Number of protein chains: 2
Amino acid sequence: MVTLKDVAKLAEVSVSTVSIVINGKTKERNIPSKTYNKVMKAIDELGYQPNVSARRLRNLDRAKPIIALYWTLDTRTNMLTALLAGIQSEIEKKQFDFELVIRIYTNDQIAKDAKEIMNNTYNGIIIGATSEADLAYLESLSPRMPIIFINRQSKKFSTVYVDSSEVAIEAVSLLTKQSVQQIGVVAVESPYVASNQRINAFLEECRKQHIVVDQSHIITAPNSLAGGVTAAGRYLQLTDRPKTIFCESDTIVMGMIHELNRLKIKIPEEVAIISIGMTGPDATQYSTPPITAIDIPSEQIAAAAISILSKSLSQKNLHDRLLPVHQKIAPTTYIRASFPLPPDDNL
Amino acid sequence: MVTLKDVAKLAEVSVSTVSIVINGKTKERNIPSKTYNKVMKAIDELGYQPNVSARRLRNLDRAKPIIALYWTLDTRTNMLTALLAGIQSEIEKKQFDFELVIRIYTNDQIAKDAKEIMNNTYNGIIIGATSEADLAYLESLSPRMPIIFINRQSKKFSTVYVDSSEVAIEAVSLLTKQSVQQIGVVAVESPYVASNQRINAFLEECRKQHIVVDQSHIITAPNSLAGGVTAAGRYLQLTDRPKTIFCESDTIVMGMIHELNRLKIKIPEEVAIISIGMTGPDATQYSTPPITAIDIPSEQIAAAAISILSKSLSQKNLHDRLLPVHQKIAPTTYIRASFPLPPDDNL
DNA sequence: CTGAAAGCGCTTACAG
DNA sequence: CTGAAAGCGCTTACAG
């Protein structure tokens, strides 16, 4: 790394002079152009770049805690925007000002990024979309700053989550109200922890309520709009296809609905659809037809995570600061045209 | 600010010892529990929090440049996700590794956040969604790191943009192919620079091509799905309503289409629709019906911005590093069912 | 087991 | 006009 000192040596001036030049105070400090040129030439030759940490330390302008949000970006249509909106709304309450760093990682490879975590590069960390391997790996570490997992279970670290079985119970209760006997399931391909859990909890709850889920009626697709088109195609090829579908992703469901509309399959007359919502209630509400969804409130989750982090960081005691907090967020159900309730329920 | 020194003094030990305890090396260094407790008690009492900059400086673990992405979050459905995806794809090319800080600001109030900019807190800055006031303010400053504006014009700073008149010409060329004589316009309410420009360029181009835009046929609405519903309502109340609509936002257009579908207004038979796309081509493609859109490729814009920044930062010479670069990105036109081309064009 | 000291890269009074 | 020195808060080899 090239430092001020290196520049000073090459330019045959002191570090003070170099610093003055770099900070644009040449005129103010009456540096003659000859000196200025020497310094600039040395900067050029060495390719000097200031060290931001040193500057910050020296200027003490960094009272703000730095919070890293670790997220994956496999699919474009994800919760990230909703999360950012939630984080923003917390910042605006002004109780807690911080710098937000976005770290993108690849599932099953969080270890590569763990250096920053262990180095205490950040004051707090929020991690979403972890795989089981990521989770296990992180649990094996002992970081010294608060960590919050989104939609995961952990004893060691704080969590903000929507309870999968609560979502499942809610979904299945809608089905029983309509006396649905048999259902098809659309799940996200190569799913990570939370989605696995949700599907499993759903299947479990169906069993309890004697709703039949034929193994061949479980369709998986990539978590994208195009994936939804594929899923719709698979669904239509099923023999004895179920009249109701439960979809685990609102992105997939929008693709499905597009395809079903295109093929003039009537919703809900020919297929009724329930989905889990991840990207905010607007997405499902303004679909044609609007989609009945059990919504995971991403903004609320983000706000809760920030709030926990804020409280943690205000703890004086390091031990208290690392004390895990577990906050459960309730899902919200939106009944819409894709799966209406029976008339007597609409009173 | 409480420092290690303060803790050491209160605990009546040296800073070395405090540092060892804080870094979890108590066992490794054979610190007796009595000492440990003294230190922890002092940390508790003072509420000590480590200074991240000092740590980074000391550990020299920060070779990565820090890039700040300034964005507004007025509307939830914005380009941010697409931009992040574009940034991510650039990181993955591994030519350039950096830390990404998201800074949320409020339009017309960038001055509040300008301290960080001027302090050289970041190695490079990408700013989007600026208002005219923000732009003017920033142009009055002389920051010492590269700044890139998204979809804005600036001589002083680098820009990555889609040319508004190009978008307008493209849109109007579609209209002339269909011999459209008269058109309604849906614009974003309280628009910022780029959207103003786009609407103005569009109106200008319509004039040139003798397409009539009645002043009363220009509808404005908030940039949201709900805003689209409102816009559809206003449109339907127009006397002598135009059979074709040009909408400046794909978010608004999706809300409009939802409402038009609900009211069984046939698209394109009763209303044909063209939109500008901002949130990626998928959004308009999987609508019912799919929407003809002139797409502003956000991912490509983000990738270009990062690429420019990467090149700037690799310049040894400070002057070269600040040299503005202007890159124009071409919009992409997607012809879809909401505004099909005449048959002879579909060969 | 613990402390004094050096030093990370920078900026800024201060002295001359 | 320019340099020597102090010091931001931290970690770590070293000495005892």
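Just the heavy atoms: all of them, side chains too, but no hydrogens, waters or symmetry mates, feed the values below. Letters A, B, ... are given to chains in the order of the sequence lines, protein chains preceding strands, and every chain is numbered from 1. Everything quoted here is computed from the prediction, not taken from an experiment.
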Hey, is the side chain of [X] poking within less than 4.0 Å of OP1 or OP2 on [N], counting only N and O atoms?
X	N	answer
B:Tyr36	C:dT2	no
B:Ser53	D:dC8	no
A:Asn30	D:dC1	yes

Return the set of residues passing ring-ring contact (aromatic ring centres under 6.0 Å, His included) with B:Phe157 (not counting sequence neighbours), or none when no residue passes.
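Partners of B:Phe157 by the ring-ring contact (aromatic ring centres under 6.0 Å, His included) criterion, ordered by chain and then number, come out as B:Phe149.
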Taking ring-ring contact (aromatic ring centres under 6.0 Å, His included) as the definition, give me every residue that meets it alongside B:Phe98, ordered by chain and number, with sequence neighbours left out.
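For B:Phe98, the residues satisfying ring-ring contact (aromatic ring centres under 6.0 Å, His included) (neighbours in sequence not counted) are B:Phe96.
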With sequence neighbours excluded, what pairs up with [X] under the side chain to side chain donor-acceptor pair (under 3.5 Å) test?
X	answer
B:Thr3	B:Asp6
A:Ser298	none
A:Thr159	A:His326
B:Ser19	B:Asn23

With sequence neighbours excluded, residues passing salt bridge (charged side-chain N to carboxylate O under 4.0 Å, His left out) with B:Lys9:
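With neighbours one apart ignored, the set is empty.
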With A:Lys328 via salt bridge (charged side-chain N to carboxylate O under 4.0 Å, His left out) - residues at least two apart
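Applying salt bridge (charged side-chain N to carboxylate O under 4.0 Å, His left out) to A:Lys328 gives A:Glu166.
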Rounded to the nearest 0.5 Å, how far apart are CD of B:Glu139 and CD of B:Gln153?
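These two atoms lie 10.5 Å from each other.
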Mind checking which stems touch DNA chain D? I mean at least 3 consecutive Watson-Crick or G-U pairs, both distances under 3.5 Å.
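In DNA chain D, stems of three or more pairs: C:1-3 with D:14-16, C:5-12 with D:5-12, C:14-16 with D:1-3.
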Taking CZ from A:Arg55 and P from C:dC10, how many angstroms apart are they, rounded to a whole number?
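To the nearest whole Å, that distance equals 7 Å.
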Within this structure, what is the CG-to-C1' distance between A:Leu57 and D:dA6, rounded to whole angstrom?
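In whole Å, D:dA6 C1' and A:Leu57 CG are 13 Å from each other.
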Results of side chain to side chain contact (heavy atoms under 4.5 Å, CB included) for B:Lys41 - residues two or more places apart only:
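Side chain to side chain contact (heavy atoms under 4.5 Å, CB included) list for B:Lys41, sorted by chain: B:Glu45.
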Distances under 3.5 Å between protein N/O atoms and the N/O atoms of nucleotides 12-16 of chain D, please, pair by pair.
unit_1: D:dT12; atom_1: OP2; unit_2: B:Lys25; atom_2: NZ; d: 3.3
unit_1: D:dT12; atom_1: O4'; unit_2: B:Arg58; atom_2: NH2; d: 3.1
unit_1: D:dT12; atom_1: O4; unit_2: B:Ser16; atom_2: OG; d: 3.4

Expected output is a numbered-order residue list: members of residues 3-14 of chain A with a heavy atom under 4.0 Å from any atom of DNA chain D. What is it?
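Only A:Val13, A:Ser14 qualify.
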Side chains of B:Ser307 and B:Ser310 only: does a donor on one sit below 3.5 Å from an acceptor on the other?
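There is no such pair (donor and acceptor under 3.5 Å, judged by atom type) between the side chains of B:Ser307 and B:Ser310.
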